[in-house]
Amino acid sequence: MADNDRPEVERTTVVETGGGGGGGVLAVVLLIIVVLVLLFLFRDQLGFGGDTTEVTVPDKIEVNVN
């Protein structure tokens with residue numbers, strides 16, 4: 001049987017490109033970084049952290065045990 005005598009068969013080739021969706025993850029990471037930088041820059045106006053931290057500790061604590 002020669003090569004020309006075989007019946008013709010239709011073939012389908014599937015090419016997987018992979019990846020995809022990576023741009024969305026990158027956009028989310030960049031958005032989080034931008035928000036953190038803005039929070040750092042405007043922390044004084046937002047009330048986060050200041051130049052001084054004041055902690056009040058009482059001199060004496062009274063405990064009553066019955």
Side-chain angles (χ1 to χ4, degrees):
M1 187 184 220
D3 286 341
N4 294 339
D5 295 337
R6 287 189 289 167
E8 195 173 314
V9 178
E10 188 173 327
R11 292 182 172 85
T12 303
T13 304
V14 177
V15 178
E16 293 186 22
T17 59
V25 173
L26 181 64
V28 170
V29 170
L30 285 176
L31 181 64
I32 290 172
I33 290 172
V34 168
V35 168
L36 289 175
V37 168
L38 289 174
L39 284 174
F40 179 76
L41 291 176
F42 296 106
R43 66 186 183 277
D44 290 335
Q45 289 88 346
L46 295 171
F48 299 124
D51 293 338
T52 60
T53 302
E54 197 171 310
V55 178
T56 306
V57 179
D59 293 334
K60 184 173 27 172
I61 299 174
E62 295 183 20
V63 178
N64 294 327
V65 179
N66 292 329

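V34 and F42 fall within the same hydrophobic cluster, defined by Ile, Leu, Val, Met, Phe, Trp and Tyr side-chain heavy atoms under 4.5 Å apart, directly or through other members. L31 and L36 end up in different hydrophobic clusters when Ile, Leu, Val, Met, Phe, Trp and Tyr side chains are linked at under 4.5 Å.
Going from atom OG1 of T13 over to atom CZ of R11 covers 9.0 Å, rounded to the nearest 0.5 Å.
Partners of V63 by side chain to side chain contact (heavy atoms under 4.5 Å, CB included), not counting sequence neighbours, listed by chain and number: I61, V65. With sequence neighbours excluded, the residues satisfying side chain to side chain contact (heavy atoms under 4.5 Å, CB included) with I33 are V29, V37.
Among L30, V35, V28, the one residue that satisfies the side-chain contact (heavy atoms from CB on, under 4.5 Å) test with I32 is V28.
Annotation for V9: hydrophobic cluster partners, listed by chain and number, are none (ILVMFWY side-chain heavy atoms under 4.5 Å, direct or chained).
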